[in-house]
2 protein chains.
Amino acid sequence: MSTSETYSGKRTAEIVGITYRQLDYWARTDLIRPSAADASGSGTRRRYTYQDLLELKVIKSLLDSGLKLESVRDVFAYLREQLNEDIASANLVINGSKSVVTRSGDELIDILQNGQGVLNVLALGGVKEEVDAAIVELHPGVSDLPTAAEA
Amino acid sequence: MSTSETYSGKRTAEIVGITYRQLDYWARTDLIRPSAADASGSGTRRRYTYQDLLELKVIKSLLDSGLKLESVRDVFAYLREQLNEDIASANLVINGSKSVVTRSGDELIDILQNGQGVLNVLALGGVKEEVDAAIVELHPGVSDLPTAAEA
DNA sequence: GCCTGTAATTTCACCGTCGTGACTTCGCGA
DNA sequence: TCGCGAAGTCACGACGGTGAAATTACAGGC
């Protein structure tokens with residue numbers, strides 16, 4: 001799992017499937033800043049890591065499902081660390097402003113049976129796949145993918 | 001399951017747990033209008049049915065979970081009819097702008113396993129319970145509840 | 001039957017969020 | 001050194017409400 005590569009703002013937006021202005025807005029409002037290099041005035045460049053791409057794609061998925069940005073902010077404030085590790089078979093479950101990453105399907109079913117109110121469920125494996133596919137398609141020249149270490 | 005009773009705007013807001021202004025806004029923007037009597041100029045009165053209360057509470061739950069109003073509008077445009085029947089053990093599953101009401105737990109688990117992107121899951125039985133409880137607590141004088149016909 | 005008080009609806013201006021377009025700046029690589 | 005591409009700025013627009021004042025239907029009292 002090398003991927004020490006970093007991505008420009010523009011490419012990042014393309015890979016993740018959002019507008020550049022949106023990425024910019026998120027960076028300036030502290031939702032997610034580029035981990036590799038932040039901007040510091042016009043002329044400087046932001047650099048996003050592969051991890052960032054993953055987080056961005058999760059955010060994008062949540063927005064696409066109709067969640068408001070504000071909730072997404074809450075979720076990420078509370079759980080950013082949890083996303084680091086291997087993600088392939090995990091699920092993200094959001095319950096209002098609380099959220100959990102479940103590692104097994106059983107755990108998920110358990111939560112669903114006991115859960116109250118609305119639960120928002122996202123399969124993280126799919127997110128990773130989409131990001132990887134987008135990188136291959138949109139990122140000419142570099143084949144330094146995380147190459148499905150765990151399925 | 002009598003409940004031919006209707007509820008004023010103010011009481012409806014109290015029972016459902018939203019502000020009157022919000023209920024008003026939803027009515028005038030066509031998200032949900034009172035079924036028993038719509039307003040037609042100031043001085044007139046809106047009258048909501050028990051069914052309306054149920055729908056409103058579903059909407060409220062969805063909003064509380066962080067969904068934007070717009071998505072909720074889509075969902076309801078697409079599925080209002082489905083909510084009529086007995087609700088006690090059903091689940092509402094939203095996938096982007098598509099949505100389904102599942103009648104069994106197995107069906108739900110199935111959808112979760114095959115589903116892509118984010119799934120928003122709401123147990124409808126809980127919604128009904130909350131509405132009934134709120135009516136009892138906030139609606140002095142009338143004990144004409146649907147009295148748990150099916151569990 | 002008429003008048004009046006009250007409670008509900010309307011209206012209107014205003015606020016915060018989530019962007020967006022377009023133009024300006026300016027650092028950095030060639 | 002110079003141009004390009006990326007970041008910054010600013011004004012603007014839609015959405016989702018909200019507070020407060022203005023309207024007005026309707027019920028109760030006389």
Side-chain angles (χ1 to χ4, degrees), chain A residues 6-49 52 56 59-77 97 138-141, chain B residues 6-49 52 56 58-77 97 138-140:
Chain A
T6 63
Y7 306 82
S8 73
K10 201 175 188 208
R11 268 218 200 299
T12 298
E14 285 167 7
I15 293 171
V16 174
I18 59 180
T19 65
Y20 174 78
R21 305 298 286 108
Q22 211 167 359
L23 184 67
D24 179 48
Y25 177 74
W26 293 354
R28 277 182 299 102
T29 56
D30 261 334
L31 173 57
I32 175 168
R33 294 178 166 289
S35 304
D38 206 346
S40 59
S42 63
T44 61
R45 280 108 201 272
R46 299 193 181 101
R47 294 256 108 199
Y48 290 85
T49 63
D52 293 338
L56 285 164
I59 293 173
K60 161 96 163 99
S61 303
L62 293 174
L63 289 185
D64 285 351
S65 83
L67 283 189
K68 10 184 177 226
L69 229 220
E70 201 198 334
S71 321
V72 176
R73 278 187 211 277
D74 293 347
V75 169
F76 271 71
S97 54
L138 298 170
H139 197 26
Chain B
T6 63
Y7 306 82
S8 73
K10 201 174 190 212
R11 266 218 199 299
T12 299
E14 286 169 7
I15 293 172
V16 174
I18 59 180
T19 65
Y20 175 79
R21 306 299 288 107
Q22 213 167 358
L23 184 66
D24 179 49
Y25 178 75
W26 295 355
R28 58 184 62 255
T29 57
D30 262 332
L31 173 58
I32 175 168
R33 294 180 166 289
S35 304
D38 205 347
S40 59
S42 62
T44 61
R45 280 106 201 272
R46 299 194 180 99
R47 294 254 110 201
Y48 290 85
T49 63
D52 292 338
L56 284 164
V58 170
I59 293 174
K60 160 93 162 104
S61 303
L62 259 17
L63 289 185
D64 285 349
S65 84
L67 283 188
K68 6 183 185 230
L69 227 220
E70 203 197 333
S71 321
V72 176
R73 279 187 210 277
D74 293 347
V75 169
F76 270 72
S97 55
L138 298 170
H139 198 26

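Residue numbering restarts at 1 for every chain, and letters A, B, ... go by the order of the sequence lines. Worth knowing before you read on, the calculation uses all heavy atoms, side chains too, and leaves out hydrogens, waters and symmetry mates.
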Any donor-acceptor pair under 3.5 Å linking the side chain of B:Ser71 with the backbone of B:Leu67? no
Atom-pair distance ([atom1] on [X]; [atom2] on [N]), nearest Å:
| X | N | atom1 | atom2 | value |
| --- | --- | --- | --- | --- |
| A:Lys60 | C:dG19 | NZ | C1' | 14 Å |
| A:Ile18 | C:dC18 | CD1 | P | 14 Å |
| B:Asp24 | D:dA20 | CG | C1' | 14 Å |
| B:Leu31 | D:dC15 | CG | P | 14 Å |
| B:Arg11 | C:dA7 | CZ | P | 13 Å |
| A:Asp30 | C:dC18 | CG | P | 13 Å |
| B:Tyr7 | C:dA8 | OH | P | 16 Å |
| B:Leu23 | D:dT18 | CG | P | 11 Å |

Establish, from distance only, whether the side-chain atoms of B:Thr29 and B:Arg73 form a donor-acceptor pair under 3.5 Å. yes
Would you indicate, yes or no, if [N] has its OP1 or OP2 atom less than 4.0 angstrom from a side-chain nitrogen or oxygen of [X]?
| X | N | value |
| --- | --- | --- |
| A:Trp26 | C:dG19 | yes |
| B:Arg45 | D:dA25 | no |
| A:Arg28 | C:dG19 | no |

What nucleotide among [options] has an atom nearest to a side-chain atom of [X]?
| X | options | result |
| --- | --- | --- |
| A:Ser42 | D:dG8, D:dG17, C:dT17 | D:dG8 |
| A:Leu69 | C:dT10, D:dG17, C:dC18 | C:dC18 |
| A:Arg46 | D:dG8, D:dG16, C:dT17 | D:dG8 |
| A:Leu63 | C:dC18, C:dT11, C:dG19 | C:dG19 |
| B:Lys10 | D:dG17, C:dT10, C:dA8 | C:dA8 |
| A:Arg21 | C:dT20, C:dG19, C:dC18 | C:dT20 |

Looking across every strand, which nucleic acid part, if any, lies under 4.0 Å from [X] by heavy atom: base, sugar-phosphate, or nothing?
| X | value |
| --- | --- |
| B:Gly41 | sugar-phosphate |
| A:Arg47 | nothing |
| B:Thr19 | sugar-phosphate |

Mapping B:Thr44 and B:Lys68 to their closest nucleotides on DNA chain D, which lands nearer the 5' end? B:Lys68
Determine, for B:Arg11 against B:Glu14, whether the closest basic-nitrogen to carboxylate-oxygen distance falls under 4.0 angstrom. yes
Looking at A:Arg47 and A:Asp52, is there a salt bridge between them, counting it only when a charged N and a carboxylate O are closer than 4.0 Å? no
Minimum side-chain heavy-atom gap A:Leu62-A:Phe76 below 4.5 Å: yes
Side chain proximity check, A:Tyr25 to A:Thr19, heavy atoms < 4.5 angstrom: no
